[in-house]
Q: 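The structure that follows is given in the form of structure tokens.
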Amino acid sequence: MSYVEDVLGIVEKRNANEPEFLQAVKEVLDSLKPVIDKHPEFKNEGILERIVEPERQIIFRVPWTDDQGNTQVNRGFRVEFNSAIGPYKGGLRFHPSVYLGIIKFLGFEQIFKNALTGLPMGGGKGGSDFDPKGKSDREVMRFCTSFMTELFRHIGHNTDVPAGDIGVGAREIGYLFGTYKKIKNEFTGVLTGKGLNWGGSLIRKEATGYGCVYFTQEMLKTKGEDFKGKDVIVSGSGNVAIYATEKVYELGGKVIAMCDSNGYVHDPEGIDLNIVKDIKEVRRGRIKEYVEKRPNAKYNENFSEIWKLKCDIALPSATQNEIDKASAEALVNNGCIAVGEGANMPCTPEAVDVFLANKILYGPGKAANAGGVSTSGLEMTQNSMRLAWTREEVDQKLHQIMVNIHQSCVDASNEYGTPGNYVNGANIAGFLKVANTMMDLGIYG
Ligand code: NDP
Ligand code: 2IT
């Protein structure tokens with residue numbers, strides 16, 4: 001058996017009940033086979049065994065009281081996966097589906113994503129099975145405060161720097177930051193995605209969506225294509241989806257459908273983003289309210305049927321495994337030429353195979369959605385310097401980072417004999433930076 005297969009066997013045995021984590025590890029290790037053949041020193045130093053095992057995993061009780069005065073208990077997580085190239089960095093997800101396996105898959109992906117950004121950030125992820133949906137602001141505040149009264153002892157601006165993810169936006173980051181500041185009696189950049197008045201960076205809110213479109217634009221350029229006149233499907237209607245949509249319009253494309261976990265809206269004339277922002281950012285409502293304002297748009301309760309609509313470009317920006325084999329085939333059969341992942345691991349392995357077999361430009365999340373964490377890195381830099389860059393400066397840096405990530409993927413996929421395969425490119429380029437550092441630091445580093 002090869003070294004990669006040996007390690008996969010160990011991972012499967014140790015983490016048998018965590019399918020999302022196994023899926024993420026398998027994809028990366030499969031890409032690394034040619035790298036391992038070329039670098040026997042990685043086996044000698046146990047790089048793969050070490051990189052698949054989190055440095056530290058914290059699971060904690062989060063008690064809080066609801067508005068009726070009842071005691072509620074949720075489970076909190078922080079997985080500090082790899083700190084070879086910098087402090088642990090990665091978001092917090094609040095969603096009822098969260099369990100250790102989800103946080104581990106996200107933390108594992110984050111190692112390679114953060115390495116691709118070119119900034120000094122290690123990989124981590126955290127969250128809770130708490131569901132912010134339908135909770136009052138006060139309930140969310142009490143939950144966040146309780147969550148931070150444990151998390152604070154594990155994080156720090158040079159140790160571990162959390163941010164947002166599903167269910168964690170500006171409101172939650174504010175309550176978490178307020179509690180950290182109070183307990184520690186210090187004002188540091190310990191979280192990113194902060195408000196603009198208290199250390200946040202311009203463009204952070206927009207960064208994941210904008211970055212995903214910048215990355216997809218680079219992929220399109222390799223075929224002499226761009227967004228002009230293209231019909232685009234953007235799944236989700238949260239932070240990533242909204243700002244991906246905004247940038248698609250800026251570049252001359254048209255977004256024809258968006259969704260939430262209840263269903264999707266199809267607006268052939270082009271989604272009116274101001275209506276979506278009002279529903280989602282202002283009122284925390286449901287996407288089906290959209291059709292009340294746009295009678296020509298249609299609402300469909302079957303979320304996954306969004307991928308059966310005809311489009312040129314797909315930007316899945318909701319959640320993991322939202323595109324399965326059948327959805328991928330529908331996209332290909334309808335003439336889709338590019339898929340840029342705004343979400344983390346939104347395509348199943350079978351769906352990825354369909355895209356690769358049909359030579360679709362397919363940008364995996366750890367490259368295509370790295371704009372968010374990149375701009376978090378820029379927020380950390382500004383915090384350390386105690387100054388704030390302009391919108392134009394941050395956007396220009398973000399754009400350059402996405403161009404660089406695209407180039408790193410192209411170079412690595414060419415060097416290892418699979419040109420056009422961004423999965424291999426992203427996994428190999430991200431891995432090499434971390435693995436070479438782990439070699440430098442020794443096995444106890
Ligand atoms: P938000 O909470 O702002 O929005 C999430 C969106 O996806 C909502 O429309 C939500 O619908 C939908 N969604 C969530 N879970 C499901 C589900 N199980 N089935 C169907 N729809 C679902 O999160 P973000 O926009 O921040 O995150 C979206 C994706 O992007 C995630 O995969 C995240 O990991 C990834 N990402 C986020 C980054 C960031 O900076 N925020 C950076 C890089 C990646 P509903 O309201 O009905 O739940
Ligand atoms: O998945 C991700 O990259 C994020 N949710 C953003 C992480 C961050 O630290 O900004």
Q: I would like to know whether Arg283 and Glu289 meet salt bridge (charged side-chain N to carboxylate O under 4.0 Å, His left out); could you show each step before the answer?
A: CA-CA 11 Å; Arg283 295 191 283 111; Glu289 295 162 37; 2.9 Å; yes
Q: I'd like to check the side chain to side chain donor-acceptor pair (under 3.5 Å) partners of Thr188; sequence neighbours left out, ordered by chain and number.
A: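 Partners of Thr188 by the side chain to side chain donor-acceptor pair (under 3.5 Å) criterion come out as none, since no residue qualifies.
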Q: Is any side-chain heavy atom of Glu53 closer than 4.5 Å to one of Arg14?
A: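 SC-SC contact between Arg14 and Glu53 confirmed.
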Q: Can you check whether Val339 reaches Ile313 side chain to side chain, under 4.5 Å on heavy atoms?
A: no
Q: Listed by chain and number, what are the side chain to side chain contact (heavy atoms under 4.5 Å, CB included) partners of Lys359, not counting sequence neighbours?
A: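 Testing Lys359 for side chain to side chain contact (heavy atoms under 4.5 Å, CB included), a comparison that skips the adjacent residues, returns none.
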Q: I need the single residue from Leu220, Leu251, Ile337, Val248 that forms a side-chain contact (heavy atoms from CB on, under 4.5 Å) with Lys230. Which is it?
A: Ile337
Q: Kindly write out the residues that satisfy side chain to side chain contact (heavy atoms under 4.5 Å, CB included) with Ala343, not counting sequence neighbours, or none if the list is empty.
A: Glu322, Pro346
Q: Just so I know, are the side chains of Gln320 and Ile102 near enough to count as touching, which here means a heavy-atom distance under 4.5 Å?
A: yes
Q: For Ser31, enumerate each residue passing the side chain to side chain contact (heavy atoms under 4.5 Å, CB included) test, keeping only those at least two apart in sequence or located in another chain.
A: Val423, Asn424, Asn427
Q: Which residues pass the side chain to side chain donor-acceptor pair (under 3.5 Å) test with Trp389, sequence neighbours left out?
A: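 Applying side chain to side chain donor-acceptor pair (under 3.5 Å) to Trp389 gives none.
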Q: Can you name the ring pair (Phe, Tyr, Trp, His ring centres under 6.0 Å) partners of Phe112, sequence neighbours left out?
A: Phe108
Q: Using the test ring pair (Phe, Tyr, Trp, His ring centres under 6.0 Å), find all partners of Tyr214 that sit at least two apart in sequence or belong to another chain.
A: His399
Q: Tyr210: what forms a ring pair (Phe, Tyr, Trp, His ring centres under 6.0 Å) with it, not counting sequence neighbours?
A: none
Q: Would Asp66 and Lys135 count as a salt bridge (charged side-chain N to carboxylate O under 4.0 Å, His left out) here? Give the steps.
A: CA-CA 9 Å; Asp66 64 23; Lys135 304 288 190 302; over 6 Å; no
Q: Do Leu100 and Gln57 touch side chain to side chain, with heavy atoms closer than 4.5 Å?
A: yes
Q: Look up atom CE in Met121 and atom NZ in Lys113, then write down how far apart they are to the nearest 0.5 Å.
A: 10.0 Å
Q: Distance only, no hydrogens: is a donor on one side chain within 3.5 Å (strictly under) of an acceptor on the other, for His406 and Tyr422?
A: yes
Q: Could you point out which residue of Glu379, Met148, His157 forms a side-chain contact (heavy atoms from CB on, under 4.5 Å) with Leu191?
A: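 Of the listed options, the one satisfying the test is Met148.
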Q: Less than 4.5 Å apart, side chain to side chain, heavy atoms only: is that true for Glu350 and Glu329?
A: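 Side chain of Glu350 against side chain of Glu329, heavy atoms only: no contact under 4.5 Å found.
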Q: Please collect all ring pair (Phe, Tyr, Trp, His ring centres under 6.0 Å) contacts where either partner lies in residues 305-363, sequence neighbours excluded, each pair once.
A: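 Ring pair (Phe, Tyr, Trp, His ring centres under 6.0 Å) check on residues 305-363 returns Phe355-Tyr362.
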Q: Can you list the steps and then say if Asp160 with Lys89 is a salt bridge (charged side-chain N to carboxylate O under 4.0 Å, His left out)?
A: CA-CA 6 Å; Asp160 183 354; Lys89 180 84 197 88; over 6 Å; no
Q: What pairs with Lys247 under salt bridge (charged side-chain N to carboxylate O under 4.0 Å, His left out), at least two apart in sequence or on another chain?
A: Glu250
Q: Would you check if there is a donor-acceptor pair between the side chains of Asn383 and Lys194 at a distance under 3.5 Å?
A: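 Yes, Asn383 and Lys194 have a side-chain donor paired with an acceptor closer than 3.5 Å.
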Q: Any carboxylate oxygen within less than 4.0 angstrom of a Lys/Arg side-chain nitrogen, looking at Arg138 and Asp67?
A: no
Q: Check step by step if salt bridge (charged side-chain N to carboxylate O under 4.0 Å, His left out) holds for Lys221 and Asp226.
A: CA-CA 6 Å; Lys221 269 190 205 163; Asp226 60 28; over 6 Å; no
Q: Is Lys125 salt-bridged to Asp165, going by a charged N under 4.0 Å from an acidic O?
A: yes
Q: Do Leu273 and Ile242 touch side chain to side chain, with heavy atoms closer than 4.5 Å?
A: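 Heavy-atom side-chain distance check passes, below 4.5 Å.
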Q: State, without any angle test, whether Thr192 and Ser376 hold a side-chain donor-acceptor pair at a distance under 3.5 Å.
A: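 Looking only at side-chain atoms, Ser376 and Thr192 do form a donor-acceptor pair, the distance falling under 3.5 Å.
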Q: I'd like to know if the side chain of Asn74 and the backbone of Ser128 have a donor-acceptor N/O pair within less than 3.5 Å.
A: no
Q: Going by atom types alone, do Asp267 and Asn296 pair a side-chain donor with an acceptor below 3.5 Å?
A: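 Their side chains do not contain a donor-acceptor pair, so the 3.5 Å distance test is not met.
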Q: Do we get Lys104 above Phe21's six-membered ring, with its NZ or CZ under 6.0 Å from the centre and within 45° of the axis?
A: yes
Q: Quick one, Val403 and Gln407 - any side-chain contact, counting heavy atoms below 4.5 Å?
A: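 No, their side chains stay 4.5 Å or more apart.
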Q: For Tyr99, enumerate each residue passing the ring pair (Phe, Tyr, Trp, His ring centres under 6.0 Å) test, keeping only those at least two apart in sequence or located in another chain.
A: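 Residues passing ring pair (Phe, Tyr, Trp, His ring centres under 6.0 Å) with Tyr99: none at all.
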Q: Flag the pair Leu151 / Pro162 as yes when at least one side-chain heavy-atom distance between them is below 4.5 Å, and no otherwise.
A: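 Of all side-chain heavy-atom pairs linking Pro162 with Leu151, at least one is under 4.5 Å.
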Q: Taking atom SG of Cys259 and atom OH of Tyr264, what is their separation to the nearest 0.5 Å?
A: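 That separation rounds to 10.0 Å.
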Q: Does this structure show an ion pair linking Lys293 with Asp272, if we count only N-O contacts that are shorter than 4.0 Å?
A: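 Answer for the salt bridge query: no.
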Q: Could you list the residues that satisfy salt bridge (charged side-chain N to carboxylate O under 4.0 Å, His left out) with Glu341, not counting sequence neighbours?
A: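 Here no residue qualifies.
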Q: Whether the side chain of Asp324 engages the backbone of Ala351 through a donor-acceptor N/O pair (distance < 3.5 Å, no angle test) should be reported.
A: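 Side chain of Asp324 to backbone of Ala351: no pair is present.
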Q: Measure from the ring center of Phe147 to the ring center of Phe130 and say whether it is less than 6.0 Å.
A: no
Q: Is there a donor-acceptor contact under 3.5 Å linking the side chains of Thr179 and Thr145?
A: yes
Q: To the nearest 0.5 Å, how far apart are CD1 in Ile279 and CE in Met258?
A: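 Taking CD1 in Ile279 and CE in Met258, the distance rounds to 10.0 Å.
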